[in-house]
Amino acid sequence: MKTNRIQKILTTLGLLVIVVLFAGCPYSSIVPIDEGTIKVPLKLAGEWIGSADVQSENPTYIAITIEDEFHAQAQKMEYSSSDSAYSATTYNLTFSDVKGETFMNVIEDGGDSYSLYKFDFDENTGEVNTSEVTDYIKETFSTSEELKDFILKNKSNSYFFTNTNENYVRK
């Protein structure tokens, strides 16, 4: 009797862990919102760290370089304690205007799908805030125009973004 109860509890907890692990993934699309309609702010170049990780000994951080006025590259630097070194994952960034709000299109170097984030950069405070577009969107889009129209119609809905907001400060 106790064994059945323990198995049920462990099964329930296992499912809960799986749901929590996969709940924070941003929506991905085979097309970007557009090819980049917002110029990359020059002050975005540099190293950025999550505000929650400022006190960490070996924090994950983002190093951003500007490629041209509409394209940037980000290297996510993650520390491996087993190697005692940082490893880099490279992403390409463009920024899109969707009726007055900025969205960031992120694609891993060599990847084939874009992750989408609402993007706010306050040059005065030197802070970046990103909000993931939820992965609960089931629609797929074959053109950037279709995707942009969908975002325009839904960006004000509470369910359109995950609860994961990331705030970054200069390292």
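Computed from heavy atoms alone, side chains included, the values below leave out hydrogens, waters and symmetry copies. Residue numbers count from 1 along this sequence.
Interatomic distance, CZ of Phe103 versus NZ of Lys118, reported as 6.5 Å (0.5 Å rounding). Note that CG of Leu152 is 6.0 Å distant from NZ of Lys99, once rounded to the nearest 0.5 Å. We find the OG1-CG distance between Thr60 and Asp53 to be 6.5 Å, quoted to the nearest 0.5 Å. Between the CD atom of Glu166 and the OG1 atom of Thr130 there is a distance of 5.5 Å, given to the nearest 0.5 Å.
Both Val106 and Val128 are members of a single hydrophobic cluster when ILVMFWY side chains are connected at heavy-atom separations under 4.5 Å. Under the 4.5 Å side-chain heavy-atom criterion for ILVMFWY residues, a single connected hydrophobic cluster contains both Ile107 and Tyr27.
Between Val169 and Ile49, the closest side-chain pair of non-hydrogen atoms falls below 4.5 Å. Looking at Phe121 and Lys43, their side chains come closer than 4.5 Å, going by heavy atoms from C-beta outward. Val31 places none of its side-chain heavy atoms less than 4.5 Å from the side chain of Thr143. Residues Phe119 and Ile38 fail the side-chain proximity criterion, which asks for heavy atoms closer than 4.5 Å. Annotation: side chain of Ile151 is not in contact with side chain of Val133 (no heavy-atom distance under 4.5 Å).
By the side chain to side chain contact (heavy atoms under 4.5 Å, CB included) test, Asp122 is found to be paired with Asn124, Thr125, residues two or more places apart in sequence or in another chain being considered. For Ile66, the side chain to side chain contact (heavy atoms under 4.5 Å, CB included) criterion is met by Val40, Leu42, Ala45, not counting sequence neighbours. Listed by chain and number, the residues in a side chain to side chain contact (heavy atoms under 4.5 Å, CB included) with Thr140 amount to none (sequence neighbours excluded). For Ser142, the side-chain hydrogen bond (donor to acceptor under 3.5 Å, both in side chains) partners at least two apart in sequence or on another chain are Glu146. Judged as a side-chain hydrogen bond (donor to acceptor under 3.5 Å, both in side chains), and not counting sequence neighbours, Ser84 has no contacts. Considering only residues two or more places apart in sequence or on other chains, Ser131 meets the side-chain hydrogen bond (donor to acceptor under 3.5 Å, both in side chains) condition with Asn165. Considering only residues two or more places apart in sequence or on other chains, Lys155 meets the side-chain hydrogen bond (donor to acceptor under 3.5 Å, both in side chains) condition with Glu101.
Among pairs with a residue in residues 83-95, none fulfils salt bridge (charged side-chain N to carboxylate O under 4.0 Å, His left out), at least two apart in sequence or across chains. Applying the ring-ring contact (aromatic ring centres under 6.0 Å, His included) test to residues at least two apart or on different chains, the pairs with a partner in residues 61-87 are Tyr61-Tyr86, Tyr79-Tyr86. Counting only residues at least two apart or on different chains, the salt bridge (charged side-chain N to carboxylate O under 4.0 Å, His left out) pairs with a member in residues 59-69 are Lys39-Glu69. Sorted by first then second residue, the ring-ring contact (aromatic ring centres under 6.0 Å, His included) pairs that include residues 151-171, not counting sequence neighbours, number zero.
For Trp48 against Leu44, the heavy-atom pair with the smallest separation is NE1-O, 2.8 Å. Between Ser28 and Ser113, the closest heavy-atom pair is CB-OG, 3.9 Å. Of all heavy-atom pairs spanning Ile30 and Phe141, the tightest one is CG1-O, 3.7 Å.
Applying the 6.0 Å contact sphere to CG of Asn163 captures no more than 12 heavy atoms from other residues, nucleotides or ligands. Surrounding CD of Glu123 are more than 12 heavy atoms belonging to other residues, nucleotides or ligands, all under 6.0 Å away.
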Output a table of donor-acceptor pairs, distance under 3.5 Å, between side-chain atoms of residues 87-98 and any protein atom two or more places apart or on a different chain; print 'none' if there are none.
{"from": "Thr90", "atom 1": "OG1", "to": "Gln75", "atom 2": "NE2", "distance (Å)": "3.3"}
{"from": "Asn92", "atom 1": "ND2", "to": "Asp109", "atom 2": "OD1", "distance (Å)": "3.4"}
{"from": "Thr94", "atom 1": "OG1", "to": "Asn105", "atom 2": "ND2", "distance (Å)": "3.1"}
{"from": "Ser96", "atom 1": "OG", "to": "Asp34", "atom 2": "OD1", "distance (Å)": "2.6"}
{"from": "Ser96", "atom 1": "OG", "to": "Asn105", "atom 2": "ND2", "distance (Å)": "2.8"}
{"from": "Asp97", "atom 1": "OD1", "to": "Gly100", "atom 2": "N", "distance (Å)": "3.0"}

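Listed for the Ser29 side chain is no donor-acceptor partner under 3.5 Å among the backbone atoms of Tyr114.
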